[in-house]
Amino acid sequence: MDRPHVYAMADAAYNEMMRDEANQSIIISGESGSGKTETAKIVMQYLAALGGGCSGIENEVLLTNFILEAFGNAKTSKNDNSSRFGKLIEIHFSTMGKICGAKIQTSVTNAALVMGCSSHELMEALSTHKIQAGKDTITKTLTLWQAIDARHALAKFIYASLFDWLIEQVNKSLEVGKRRTGRSISILDIYGFESFQNNNFEQFCINYANERLQQNFNWHLFKLEQEVINYVKL
Ligand SMILES: Nc1ncnc2c1ncn2[C@@H]1O[C@H](COP(=O)(O)OP(=O)(O)OP(=O)(O)O)[C@@H](O)[C@H]1O
């Protein structure tokens, strides 16, 4: 495709899925603020228009964007509505090409269930560090900054657990597991590359994920080009 257009890309994926009865993937990449999430929404709207039926599931799929953005986005210096999570949205189609379900997978941690401890235990866990030396356990008090770090880590853990729970509820309402048809289009929209004045582990993870995605893209592109060259030589 010489001049790619978001509708044309979505249309090609839909037609190839129907023609070849094969699952398709659309990967949206670019730096933070370049418009990945907006593009993903346009793709979803286009597919909803193509595959809308009487079940109304296509509207439910579109409405999940509001919930996910409310809990998973935040303002940064690059983007007022920046995704702080990566998502893979699988949209499943019936043999007639109608949307019959969807599934969302996010890349926020899947860990974590119950805390189940007293406030004293929590305070101790946030302000001390335990080291096992043979049979003995040595308890070391953390510095103020180490304790603040531990508190932030705990807050992130609780929020990630809430987010995971939310995704689980959304997926239950879009339930598709029982109705896999072998015809699906997956849209990948991850947090974009970012570089602030002060960067931390979050930026390291985000940028690493983007580098890996780009590497994958390059690999496929060059492999495809190599195949064309080999074909022409023949
Ligand atoms: N097609 C579009 N039409 C109108 N506005 C757009 C469009 N694409 C992007 N924008 C504007 O740019 C902003 C950033 O876009 P978006 O959130 O999609 O970026 P992103 O690449 O997903 O960023 P991040 O990696 O930080 O999540 C949007 O909030 C919107 O204001």
Side-chain angles (χ1 to χ4, degrees), residues 1-14 24-52 58-91 102-110 152 155-157 159-167 170-171 174 184-221:
M1 207 174 289
D2 288 339
R3 299 172 64 191
H5 187 282
V6 59
Y7 289 157
M9 295 296 288
D11 200 64
Y14 181 84
Q24 306 288 318
S25 298
I26 298 174
I27 296 171
I28 305 170
S29 65
E31 66 177 301
S32 179
S34 59
K36 296 180 297 296
T37 302
E38 293 301 320
T39 303
K41 286 193 275 189
I42 294 170
V43 172
M44 288 165 77
Q45 281 161 7
Y46 187 80
L47 294 176
L50 276 183
E58 68 280 2
N59 284 327
E60 272 187 54
V61 174
L62 294 177
L63 288 171
T64 59
N65 285 320
F66 294 105
I67 304 172
L68 298 183
E69 286 187 23
F71 284 86
N73 285 25
K75 184 173 176 166
T76 68
S77 59
K78 302 262 177 204
N79 182 358
D80 282 354
N81 189 31
S82 182
S83 305
R84 309 320 292 160
F85 66 105
K87 64 175 183 287
L88 180 74
I89 307 154
E90 271 174 38
I91 304 179
K103 186 177 178 192
I104 300 168
Q105 291 176 54
T106 59
S107 55
V108 176
T109 172
N110 271 328
H152 285 176
K156 283 182 186 174
F157 173 81
Y159 199 85
S161 303
L162 168 73
F163 197 72
D164 282 345
W165 176 84
L166 198 69
I167 297 292
V170 167
N171 277 332
L174 301 174
S184 75
I185 299 180
S186 299
I187 304 159
L188 181 70
D189 168 28
I190 66 164
Y191 20 49
F193 181 88
E194 56 193 20
S195 171
F196 301 126
Q197 213 152 18
N198 292 315
N199 298 294
N200 56 36
F201 188 61
E202 192 178 345
Q203 277 66 50
F204 174 83
C205 294
I206 288 174
N207 294 343
Y208 180 69
N210 276 275
E211 291 280 354
R212 288 300 301 260
L213 194 65
Q214 187 62 40
Q215 205 176 36
N216 205 279
F217 173 77
N218 290 348
W219 191 82
H220 278 284
L221 198 77

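First listed ligand is number 1; within each ligand, the first listed atom is number 1.
Asp80 is linked by a side chain to side chain donor-acceptor pair (under 3.5 Å) to nothing, counting only residues two or more places apart in sequence or in another chain. In terms of the side chain to side chain donor-acceptor pair (under 3.5 Å) criterion, Asn59 has no residue partners (sequence neighbours excluded).
Remark: the Glu211 side chain and the Asn207 side chain contain no N/O donor-acceptor pair separated by less than 3.5 Å.
The environment of Phe196 atom CZ is dense: over 12 non-hydrogen atoms of other residues, nucleotides or ligands sit within 6.0 angstrom.
Sequence neighbours left out, the pairs with a member in residues 35-44 that pass side-chain hydrogen bond (donor to acceptor under 3.5 Å, both in side chains) are Thr37-Ser83, Thr37-Asp189, Glu38-Lys41, Lys41-Glu69.
Of all non-hydrogen atoms in Ser82 and Glu194, the two that sit nearest each other are OG-OE1, 4.3 Å.
Among protein residues, Glu31, Ser32, Gly33, Ser34, Gly35, Lys36, Thr37, Glu38, Asn79, Asn81, Ser82, Ser83, Tyr191, Gly192 come within 4.0 Å of ligand 1, judged on heavy atoms.
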